[in-house]
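Notes follow once the structure below has been shown.
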Amino acid sequence: MTFTTEAAARLGIRYPIIQGPFGGGLSTVELAAKVSDAGGLGSYGAHVTAPEDMAALTRRLSDATDAPFALNLWVSDHDPGGEHPNAAQFERYYPVFAPYYEELGLSAPILPERFHHRFEDQIEALLEARPPVFSFVFGIPGKKILEECRRLGIVTVGAATTLAEAEALDAAGVDLIVATGLEAGGHRVSFLAPAEESLTGTFSLVQVAAAHVKAPVIAAGGVVDGRGVRAALTLGAGAAQLGTAFLACAESGTSQAHRDLLFTESVRDTTLTRSYTGRLARGIRNRWIRDMEGQDLPPFPVQSWFFGAIKAAALKQGRDDLLSLYAGQSAPNLKHRSADVLMDELISDLPSARAA
Ligand SMILES: Cc1cc2nc3c(=O)[nH]c(=O)nc-3n(C[C@H](O)[C@H](O)[C@H](O)COP(=O)(O)O)c2cc1C
């Protein structure tokens, strides 16, 4: 059985189901390949991948599946003040983090040469590696990059948090547009207005984007099962992108502690926070989020860098009060811990009238 939509056809996949990319090292080749093999689109979040590793990563993905997959990057790699590590900034912000370094028995971190890889270098490496699909967030790549994708046959997928962003992606000629609502786990990937002013829900955003842009729309945010996929298609989306539901599966790259928490009552309480990276993201409220409220936090990616060692030590010490626990608002309905079983259910729940 296949299930055709224009979105699925453009992506070269059999079913309009996308496993959303996970940045920050939480994607795996295994998960992306399983989803692609099952007829959906597996994605790999590569925004923390070094440019020199992009070719090997793409090779690992194409060795693992014969079907299309997406590599995902963050177009904007820093917020104002977040590009160059400097001592003055360290002096200003370290006092916020020092009590946690002490509590976890860590010594103060040493400033790196850079906090984040440069998008310009990553995209150059990605174009050389030629993945079947390039998806991106936090902006629109320049005209030359989009033209080069077209020339190389790389399908482009951009993400919007508002109608204005969807229209800007459409005007730039991006092939498909993810309409990502505020329900979604992970970041609000806004790029035209501050994330706090771009809080559109998936239900509205999908409908208005589908009515106002030419490119097929992909619904993201709050979809965890077949009913959600069908709802997205009814609202005008050509495919649904699921993040949290795949993050909960054993094949994802997150920790067992995080995965287990996704199946507890604590997922009922998610919130938007800048405490993970300096950019607004949705996760389960815990002590870290509460403690960071009202603090003078550094910009992205400086906040991620200060928090990185804290998260790693907390995980080693079996503590979830100082972890980033990304989760979307529909997490209380999660059922599956296996990507195979999740994909089987999503596919069998597709509307049969349109199955070909
Ligand atoms: C832990 C985590 C990390 C994510 N990282 C990225 C990323 O790097 N790039 C991206 O395009 N989307 C990212 N997302 C968004 C997902 O791909 C997806 O669009 C979103 O999770 C859909 O909402 P849902 O969680 O309600 O299913 C991330 C989501 C989560 C939960």
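Each residue takes its place number in the sequence, starting with 1. Each ligand, and each atom within it, is numbered from 1 in the order the structure gives. The structure presented is a predicted model; accordingly, all values stated were derived computationally and were not measured.
- Ligand 1 lies within reach of Ala184, whose nearest heavy atom is under 4.0 Å from it.
- Residue contacts with ligand 1, taken as heavy atom pairs separated by less than 4.0 Å, involve Trp74 solely via side-chain atoms from C-beta onward.
- Taking atom 18 (C) of ligand 1 as the reference point, the nearest protein heavy-atom neighbour is Gln241 NE2, 3.7 Å.
- Nearest protein neighbour of atom 5 (N) of ligand 1, counting heavy atoms only, is Gly23 N, 2.9 Å.
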Please walk me through it: do Glu103 and Ile310 pass side chain to side chain contact (heavy atoms under 4.5 Å, CB included)? CA-CA 10 Å; Glu103 182 179 328; Ile310 295 174; over 6 Å; no

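- Salt bridge status for Lys144 with Glu148: absent, with no side-chain N to carboxylate O gap under 4.0 Å.
- Those atoms of ligand 1 with a heavy atom of Val223 less than 4.0 angstrom away are 27 (O).
- Looking at Gly45 next to ligand 1, no N or O pair under 3.5 Å apart turns up.
- Residue Leu152 is grouped with residue Met54 when hydrophobic side chains (ILVMFWY) are merged at heavy-atom distances under 4.5 angstrom, including chains of intermediate members.
- By the 4.0 Å N-to-carboxylate-O rule, Glu196 lies close enough to Arg274 to be salt-bridged with it.
- The closest approach between Pro21 and ligand 1 falls below 4.0 Å for a heavy atom of the residue.
- Counting atoms of ligand 1 from 1 in the listed order, those under 4.0 Å from a heavy atom of Leu26 are 1 (C).
- Near Leu242, with a cut-off below 4.0 Å to any heavy atom, the atoms of ligand 1 are 27 (O).
- Distance from atom 27 (O) of ligand 1 to its nearest protein heavy atom, with residue and atom name: Gly243 N, 2.8 Å.
- Each of the following atoms of ligand 1 lies closer than 4.0 Å to a heavy atom of Tyr326: 1 (C).
- The distance from ligand 1 to the heavy atoms of Ala220 drops below 4.0 Å at these ligand atoms: 19 (O).
- Closest to atom 30 (C) of ligand 1 among all protein heavy atoms lies Phe22 CD2, 3.7 Å.
- Any N or O atom pair closer than 3.5 Å counts here, and Gly222 shares at least one such pair with ligand 1.
- Shortest contact from atom 9 (N) of ligand 1 to any protein heavy atom: Asn72 OD1, 2.8 Å.
- Of the possible polar contacts, one joining the Thr202 side chain to the Gly221 backbone as a donor-acceptor pair under 3.5 Å is found.
- The shortest heavy-atom distance from Gly221 to ligand 1 is under 4.0 Å.
- Neither the backbone nor the side chain of Val224 comes within contact range of ligand 1; no heavy atom lies under 4.0 Å.
- Shortest contact from atom 20 (C) of ligand 1 to any protein heavy atom: Gly185 O, 3.7 Å.
- The closest donor-acceptor contact from the side chain of Asp77 to the backbone of Phe119 lies under 3.5 Å.
- Distance check: Trp288 CH2 to Leu322 CG gives 7.0 Å after rounding to the nearest 0.5 Å.
- Judged purely by atom type and a 3.5 angstrom limit, Arg268 has no side-chain atom pairing as donor or acceptor with the backbone of Ala331.
- Heavy atoms of Phe246 stay at 4.0 angstrom or farther from ligand 1.
- In this structure, Arg290 does not pair ionically with Asp321, as no charged nitrogen and carboxylate oxygen lie closer than 4.0 Å.
- At under 3.5 Å, not a single nitrogen or oxygen of Ala245, backbone or side chain, sits near a nitrogen or oxygen of ligand 1.
- Of the candidates Trp74, Tyr276, Phe300, Trp74 is the only one forming a ring-ring contact (aromatic ring centres under 6.0 Å, His included) with His187.
- For Thr244, heavy-atom contacts with ligand 1 shorter than 4.0 Å involve the backbone as well as the side chain.
- In terms of modelled atom types and a separation under 3.5 Å, the side chain of Tyr101 and the main chain of Phe306 share a donor-acceptor contact.
- A salt bridge links Asp340 with Lys34: the distance from a Lys NZ or Arg NE/NH1/NH2 to an Asp or Glu carboxylate oxygen falls below 4.0 Å.
- Proximity of Thr180 to ligand 1 is not established, as no heavy-atom distance is less than 4.0 Å.
- Side-chain contact between Pro298 and Phe97: present, with at least one pair of heavy atoms (C-beta onward) separated by less than 4.5 Å.
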